[in-house]
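Step one of this worksheet: look at the structure below.
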Amino acid sequence: MITIDKVTVGYGTAGFIKAVDGVSLSIGDNEIVGIAGETGSGKSTLMRAVYGDFSTGLRIKDGTITGRFVDQKNGQVIEAPSSRFHRLWWDQMSYIPQGSMSVLNPLMKIEAQVVDGLPKRERGGSRADLRRRIADFLAGFGLEETVLDAYPHQLSGGMRQRVLVAIAAFVNPRLILADEPTTALDVVVQKKILLMMVEIQRRLRNTLVLVSHDLGVHYQITDRLVIMYKGQIVETGPTAEIFANPQHDYTRNLIAALPRLHGKRSVDRVGEAP
Ligand SMILES: Nc1ncnc2c1ncn2[C@@H]1O[C@H](COP(=O)(O)OP(=O)(O)OP(=O)(O)O)[C@@H](O)[C@H]1O
Ligand SMILES: [Mg+2]
């Protein structure tokens with residue numbers, strides 16, 4: 001679905017601050033890929049590059065990122081370089097950026113924000129119908145319809161985060177990129193939201209790329225894990241294998257620093273049909 005080929009990504013127009021250094025990775029259909037690594041290792045930068053969001057001054061200096069999506073409506077194959085991904089936003093791909101509390105506009109009610117984010121095709125029909133569909137969808141996230149009439153500050157952090165996950169999934173994209181979607185939340189809410197994301201991924205059979213510095217989260221839900229260190233990928237493989245047999249010193253230390261993981265992976269994806 002996404003092929004990242006030796007990309008070097010950074011910021012700046014005068015100078016160039018390198019943040020991702022010669023990374024290659026392919027992201028396939030119907031999988032949950034985790035990205036872990038210490039702060040500043042380039043996780044968010046890689047996600048922005050994969051989403052094709054150049055608004056932060058991000059620049060791909062070397063290498064290429066290409067996408068290949070099969071349109072679910074007409075079966076047409078869409079192939080594009082990342083510079084053209086913006087055409088696929090909220091359609092083939094959606095993105096929950098890090099620190100996404102700030103993504104919601106404080107001056108707009110939730111309903112207006114959801115509707116604004118939708119592609120035109122989803123806005124067809126009457127506004128009342130659309131509201132009904134959105135409300136039904138939010139109900140699946142344990143959110144009441146009244147959430148639609150609230151301003152962001154009237155919701156709890158966990159509710160806002162569920163709204164964002166719901167918006168990202170509502171359009172049934174093939175690829176959802178989520179950058180630390182639950183980090184600011186308490187463990188119980190965090191777990192609920194992560195389980196929802198897994199449930200959505202299974203139901204839509206799409207691909208979820210989940211960035212988290214929390215290896216416990218990866219242990220629980222990802223199929224494949226990518227470990228970044230100083231802008232490079234130092235290790236990648238099936239999550240269970242990396243936990244059982246970490247190769248790189250950095251990964252070994254990360255795993256050693258974890259509080260003991262309780263026995264089995266709590267969302268056991270092993271042995272599941274592809
Ligand atoms: N908008 C920006 N402009 C300039 N430099 C940036 C920008 N965003 C990130 N960087 C730099 O790029 C490098 C990688 O940052 P990035 O945000 O990708 O790390 P991260 O792995 O997501 O860290 P964290 O776990 O703290 O979210 C850092 O050195 C950072 O200072
Ligand atoms: Mg980050």
Side-chain angles (χ1 to χ4, degrees), residues 2 4-25 27 32-65 82-83 85-86 89 93-104 157 160-161 164-165 168 175-187 190 193-194 197 208-222 224-236 239 242 246 248-255 257-259:
I2 299 281
I4 302 168
D5 188 24
K6 299 188 204 84
V7 288
T8 295
V9 189
Y11 300 90
T13 37
F16 179 77
I17 308 158
K18 199 193 279 182
V20 167
D21 186 8
V23 159
S24 296
L25 177 70
I27 298 167
I32 302 185
V33 179
I35 301 181
E38 66 183 10
T39 180
S41 57
K43 306 181 298 293
S44 295
T45 302
L46 185 61
M47 294 290 267
R48 279 181 210 124
V50 169
Y51 193 56
D53 177 6
F54 300 101
S55 65
T56 49
L58 174 142
R59 198 146 59 85
I60 296 182
K61 192 162 175 248
D62 275 314
T64 54
I65 300 179
S82 53
S83 57
F85 283 178
H86 59 272
W89 290 356
M93 56 207 289
S94 62
Y95 174 45
I96 305 169
Q98 187 172 17
S100 41
M101 296 304 179
S102 59
V103 173
L104 292 170
R160 280 194 294 250
Q161 209 59 33
L164 287 169
V165 174
L175 174 66
I176 298 180
L177 304 164
D179 192 350
E180 305 275 10
T182 58
T183 301
L185 305 170
D186 77 59
V187 185
Q190 185 175 37
I193 295 178
L194 289 168
M197 295 183 79
L208 171 64
V209 182
L210 177 70
V211 172
S212 177
H213 66 274
D214 183 345
L215 277 192
V217 163
H218 292 298
Y219 180 77
Q220 287 178 342
I221 77 167
T222 62
R224 203 148 66 84
L225 187 54
V226 173
I227 309 278
M228 292 189 70
Y229 184 64
K230 297 199 163 131
Q232 300 186 337
I233 292 179
V234 291
E235 186 157 0
T236 174
T239 304
I242 289 189
H248 199 272
D249 275 352
Y250 173 70
T251 318
R252 281 198 201 114
N253 291 336
L254 267 187
I255 291 175
L258 267 184

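Both ligands and their constituent atoms are indexed starting at 1 by order of listing. Atoms considered below: every heavy atom in the structure, side chains included; atoms not considered: hydrogens, waters and symmetry mates.
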inquiry  = Closer than 4.0 Å to some heavy atom of R48 - which atoms of ligand 1 meet that?
reply    =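 It comes down to these atoms of ligand 1: 8 (N).
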task = Compute the minimum heavy-atom distance from M228 to ligand 1 and say whether it is under 4.0 Å.
result =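 No, that is not the case, since the closest heavy atom of the residue is not under 4.0 Å from the ligand.
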Non-hydrogen atom of G57 closer than 4.0 Å to ligand 1 =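 Per 4.0 Å heavy-atom rule, G57 does not contact ligand 1.
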Option from I35, I32, L215 for which side chain to side chain contact (heavy atoms under 4.5 Å, CB included) with L225 holds = L215
ask   = Are Y11 and T45 linked by a side-chain donor-acceptor pair shorter than 3.5 Å?
value = yes
inquiry  = Under 3.5 Å, is there a donor on one side chain and an acceptor on the other for D214 and S212?
reply    = no
State whether the side chain of [X] and the backbone N or O of [Y] hold a donor-acceptor pair below 3.5 Å, judged by distance alone.
{"X": "K43", "Y": "E38", "result": "yes"}
{"X": "T8", "Y": "K61", "result": "no"}
{"X": "R59", "Y": "G12", "result": "yes"}

Starting from [atom], what is the nearest protein heavy atom, named by residue and atom, and what distance separates them?
{"atom": "atom 13 (C) of ligand 1", "result": "A19 CB, 3.6 Å"}
{"atom": "atom 9 (C) of ligand 1", "result": "Y11 CE1, 3.5 Å"}
{"atom": "atom 16 (P) of ligand 1", "result": "T45 OG1, 3.6 Å"}
{"atom": "atom 25 (O) of ligand 1", "result": "K43 NZ, 2.7 Å"}
{"atom": "atom 28 (C) of ligand 1", "result": "G40 O, 4.1 Å"}
{"atom": "atom 26 (O) of ligand 1", "result": "T39 OG1, 2.5 Å"}

query = Can you tell if the side chain of R48 reaches within under 4.5 Å of the side chain of Y95, non-hydrogen atoms only?
reply =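 Yes. Closest side-chain heavy atoms under 4.5 Å.
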request  = Could you check if a side-chain atom of S24 sits within less than 4.5 angstrom of a side-chain atom of I4, using non-hydrogen atoms only?
outcome  =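 A side-chain contact is absent here, since even the closest heavy-atom pair is not under 4.5 Å.
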ask   = With a cut-off of 2.8 Å, does Q98 place any N/O/S atom under that distance from the Mg ion (ligand 2)?
value = yes
request  = Could you confirm whether T45 has any N/O/S atom lying under 2.8 Å from the Mg ion (ligand 2)?
outcome  =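 Within the cut-off used here (under 2.8 Å), T45 places no N, O or S atom near the Mg ion (ligand 2).
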ask   = With a 4.0 Å cut-off, strictly under, does atom 6 (C) of ligand 1 pick up any protein heavy atom?
value =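 Under 4.0 Å from atom 6 (C) of ligand 1, at least one protein heavy atom found.
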note = So for Q98 against ligand 1, with non-hydrogen atoms under 4.0 Å, the contacting part is side chain
ask   = Which bit of M47 gets closer than 4.0 Å to ligand 1, counting heavy atoms only: side chain, backbone, both or neither?
value =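 Under 4.0 Å from ligand 1, M47 contributes no heavy atoms.
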key: Parallel, tilted or perpendicular: rings of W89 and Y51 (30°, 60°)   = parallel
Nitrogen or oxygen of I17 less than 3.5 angstrom from that of ligand 1 = no
query = Can you tell which of G10, S44, G37 gets a heavy atom nearest to atom 22 (O) of ligand 1?
reply =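 Nearest heavy atom to atom 22 (O) of ligand 1 lies in S44.
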